[in-house]
There are 2 protein chains.
Amino acid sequence: MRARPRAKPASPDARGAAARRRPYDVESLLEVAIAVFNEQGYDGTSMEDLSRRLGITKSAIYHHVESKEQLLRMALDRALEGLFTLVADIGATDQPAIERLEALVRGGVEVLIDRLPYVTLLLRVRGNTALEHYALERRRSFDTIVAELVKQAEADGDIRPDVDPGLTARLLFGMVNSLADWYRPSDHLERSEVVDAVTRLAFEGLRTPRGQPMGSAQVPGCIAQPSGLGESSLLGSGRAGAARGK
Amino acid sequence: MRARPRAKPASPDARGAAARRRPYDVESLLEVAIAVFNEQGYDGTSMEDLSRRLGITKSAIYHHVESKEQLLRMALDRALEGLFTLVADIGATDQPAIERLEALVRGGVEVLIDRLPYVTLLLRVRGNTALEHYALERRRSFDTIVAELVKQAEADGDIRPDVDPGLTARLLFGMVNSLADWYRPSDHLERSEVVDAVTRLAFEGLRTPRGQPMGSAQVPGCIAQPSGLGESSLLGSGRAGAARGK
DNA sequence: CATAACCGTCAGAACGTTCGGTCGGCAAGT
DNA sequence: ACTTGCCGACCGAACGTTCTGACGGTTATG
């Protein structure tokens with residue numbers, strides 16, 4: 001039943017299709033592979049899935065690439081390289097912590113957008129294999145850098161002291177990293193627009209600026225919240241406009 | 001049919017182990033399964049992995065559960081139920097949008113923490129199967145609700161108008177959802193502490209409150225930023241302490 | 001109070017399928 | 001003639017799932 005010797009003229013169509021398309025190299029193949037990984041998850045993507053998307057056979061993939069894991073490794077390396085280049089650039093400056101932190105956030109958003117597929121993959125790694133474990137460790141060391149910057153800025157009195165620095169750092173970059181879950185370059189949402197939005201929200205908060213109400217709704221400028229300012233704004237905020245309710 | 005009375009000593013060890021342990025039911029099995037899913041990813045977890053962790057065989061799992069996917073479905077349902085119960089509760093009130101939004105954020109953090117394993121799984125779904133696609137749709141409809149609340153609060157003049165509402169909403173819940181990536185109940189980090197931290201950061205920003213500097217470092221209270229307030233705080237903030245730079 | 005019927009729980013051994021990966025060879029450009 | 005890009009056939013292992021049946025405990029009956 002089995003044991004079909006060898007040879008065969010093969011179908012000329014298949015060859016033709018391969019010839020007509022621009023042949024793959026490692027780079028173009030990687031691009032597609034990572035896109036599929038991000039759609040279906042790394043574990044959820046089989047080499048056959050990849051081959052189908054590439055329009056070539058599984059074995060053809062192995063002509064360009066050593067293993068499935070190598071594809072992942074290349075992606076993770078590019079993501080990590082982007083992040084650590086960023087911290088190196090910022091570390092070379094001598095601004096105060098708060099400004100370095102802001103630069104880190106802005107730069108973080110830029111790296112995330114510029115290398116979206118790579119960073120997306122990095123953010124989803126769970127540490128199953130040795131490679132993933134390594135990537136996870138590097139990522140953690142990046143997070144530590146952020147946390148220490150936050151701590152320093154807090155010591156400088158430049159960011160609110162009523163939240164734990166580690167917690168702040170995680171939430172801050174949690175917000176940044178969430179970009180990977182929804183940002184698509186095709187949304188014609190400018191990179192700079194996102195950078196500004198993140199920076200504003202993170203540093204100034206989403207509530208209408210107290211110092212200078214913009215447009216309508218005037219506010220008694222600069223009112224001092226009753227010290228425990230965040231407990232609950234449901235009472236005593238004295239805010240007009242509350243009656244609007246839809 | 002199966003009239004095989006007593007006979008066969010078989011292996012006493014294996015049986016004994018099963019008998020000595022409190023037997024599994026769907027609930028206890030689900031708990032372990034979801035923990036493993038969250039460690040290794042759903043696709044990265046085989047039924048054999050599960051059986052190893054449970055201390056029973058693969059076939060024994062199928063005595064309690066119809067399929068691997070059913071385990072996922074149960075988890076996703078619990079996560080979604082938590083989120084939509086929350087929006088139902090909030091929808092029943094008639095507070096202004098900004099306060100409902102804050103309640104949604106606080107409640108979102110609480111749901112996420114209370115049902116951490118379930119929500120974590122939900123947040124990692126990529127829409128491969130029909131089930132995942134359904135979960136993804138439901139999640140999207142939740143996000144839409146958030147976005148509309150943000151839009152309304154912005155129309156009320158209660159949150160900053162210089163950021164697109166959809167963008168704001170995504171970033172806001174991006175921050176909330178990032179909890180799933182690092183929060184562990186064992187960190188003895190109180191739930192309420194996290195809720196407050198998220199709320200403060202999201203609504204007031206992480207910069208030291210302008211209206212009322214706490215502790216040291218005085219700030220010229222209530223200075224009016226030059227209208228385009230967020231462009232870059234590197235210049236002109238007039239902040240002292242900048243000299244500290246480590 | 002014994003015992004037989006029945007139940008939930010699980011092991012063991014398979015099922016067919018799909019996995020990541022290998023191999024020999026063909027076609028075309030240089 | 002050699003390299004580059006690829007195909008089709010194939011492998012052993014692992015996958016999710018199913019089947020048969022053994023075991024301990026409960027319950028109903030005599």
Side-chain angles (χ1 to χ4, degrees), chain A residues 1-29 32-33 36-37 40-73 128-129 131, chain B residues 1-29 32-33 36-37 40-73 128-129 131:
Chain A
M1 218 29 160
R2 27 173 101 270
R4 207 73 81 92
R6 284 292 155 192
K8 248 6 153 19
S11 53
D13 332 82
R15 305 294 182 174
R20 243 171 275 121
R21 202 209 324 97
R22 188 177 94 271
Y24 286 109
D25 59 1
V26 195
E27 204 60 32
S28 54
L29 194 149
V32 176
V36 182
F37 287 164
Q40 315 186 352
Y42 177 73
D43 286 318
T45 302
S46 70
M47 292 303 270
E48 215 164 291
D49 288 337
L50 277 190
S51 77
R52 222 169 296 131
R53 277 283 276 270
L54 289 161
I56 59 179
T57 57
K58 262 198 304 178
S59 46
I61 299 176
Y62 283 96
H63 174 74
H64 299 279
V65 147
E66 277 187 2
S67 66
K68 187 187 177 187
E69 194 173 35
Q70 185 196 323
L71 290 166
L72 180 60
R73 181 171 56 250
N128 265 349
T129 69
L131 168 64
Chain B
M1 186 177 178
R2 50 165 85 269
R4 215 44 116 118
R6 299 298 134 96
K8 293 300 176 74
S11 55
D13 331 84
R15 307 295 180 177
R20 244 171 273 121
R21 201 209 327 98
R22 189 174 95 274
Y24 286 108
D25 59 359
V26 195
E27 203 62 30
S28 54
L29 195 148
V32 176
V36 182
F37 287 164
Q40 316 186 350
Y42 177 73
D43 286 318
T45 303
S46 71
M47 292 303 269
E48 213 165 296
D49 288 337
L50 278 190
S51 78
R52 235 185 321 257
R53 276 285 276 270
L54 290 162
I56 60 178
T57 57
K58 270 196 297 179
S59 48
I61 299 176
Y62 283 96
H63 174 74
H64 299 280
V65 147
E66 276 187 5
S67 66
K68 187 187 178 188
E69 195 173 34
Q70 185 196 324
L71 290 167
L72 179 61
R73 182 171 55 249
N128 263 350
T129 68
L131 168 64

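Per chain, numbering begins at 1; letters A, B, ... match sequence-line order.
Between B:Ser67 and B:Val65, the shortest heavy-atom distance links the atoms O-CG1, 3.0 Å.
Distances were taken from every side-chain heavy atom of A:Ser59 (C-beta onward) to each of C:dA13, C:dG21, C:dT22; the shortest belongs to C:dT22.
Per the geometry, CD1 belonging to A:Ile61 stands 16 Å off C1' belonging to C:dC23, to the nearest Å. Look at NE2 on B:His64: it is 13 Å from C1' on C:dC7, rounded to the nearest Å. Distance, B:Leu54 CG to C:dC10 P: 9 Å, rounded to whole Å. Between B:Lys68 atom NZ and D:dA14 atom C1' the separation is 12 Å, expressed in whole Å. The distance between atom CG of B:Leu50 and atom P of C:dA11, rounded to the nearest whole Å, is 14 Å. Taking atom CE of residue B:Met47 and atom P of nucleotide C:dA11, one finds them 13 Å apart after rounding to whole Å. Rounded to an integer number of Å, the gap from A:Leu131 CG to C:dG20 P is 15 Å. Atom CD in B:Glu48 sits about 14 Å away from atom C1' in C:dC19, given to the nearest Å.
Under 3.5 Å, the side chain of B:Ser46 and the base of D:dA14 form no donor-acceptor pair of N or O atoms. A donor and an acceptor atom sit less than 3.5 Å apart, one in the side chain of B:Lys58 and one in the base of D:dT17. At a cut-off of 3.5 angstrom, the base of D:dG8 holds no donor-acceptor pair with the side chain of A:Thr57. The base of C:dG21 has none of its N or O atoms less than 3.5 Å from a complementary donor or acceptor on the side chain of A:Ser67.
Atom CZ of A:Phe37 sits about 5.0 Å away from atom CG of A:Leu71, to the nearest 0.5 Å. The distance from the CD atom of A:Glu66 to the CD1 atom of A:Ile61 is 14.5 Å, given to the nearest 0.5 Å. Here the CZ atom belonging to B:Arg73 is positioned 6.5 Å from the CG atom belonging to B:Leu131, to the nearest 0.5 angstrom.
Put simply, the side chain of B:Leu72 does not reach to within 4.5 Å of the side chain of B:Thr129, judged on heavy atoms. Residues A:Tyr62 and A:Met47 have side chains in contact (heavy-atom distance under 4.5 Å, counting atoms from C-beta outward).
At C:dT22, none of the side-chain N or O atoms of A:Tyr62 fall inside 4.0 Å of OP1 or OP2 (strictly under the cut-off). Put simply, A:His63 has no side-chain N or O that comes within less than 4.0 Å of OP1 or OP2 on C:dT22.
At a threshold of 4.0 angstrom between heavy atoms, the contacts of A:Ser51 with the nucleic acid are absent.
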Please list, pair by pair, any protein nitrogen or oxygen found under 3.5 Å from a nitrogen or oxygen in nucleotides 15-17 of chain C.
none

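Judged by closest nucleotide on DNA chain C, B:Asp25 is the one of A:Tyr42 and B:Asp25 placed further toward the 5' end.
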Please list, one pair per line, the donor and acceptor atoms closer than 3.5 Å that link side chains of residues 48-55 of chain B to other protein atoms, with sequence neighbours excluded.
| from | atom 1 | to | atom 2 | distance (Å) |
| --- | --- | --- | --- | --- |
| B:Asp49 | OD1 | B:Arg52 | NH2 | 3.0 |
| B:Asp49 | OD2 | B:Ser46 | N | 3.1 |
| B:Asp49 | OD2 | B:Ser46 | OG | 3.4 |
| B:Ser51 | OG | B:Glu48 | O | 2.8 |
| B:Arg53 | NH1 | B:Glu39 | OE1 | 3.2 |
| B:Arg53 | NH2 | B:Glu39 | OE2 | 3.0 |

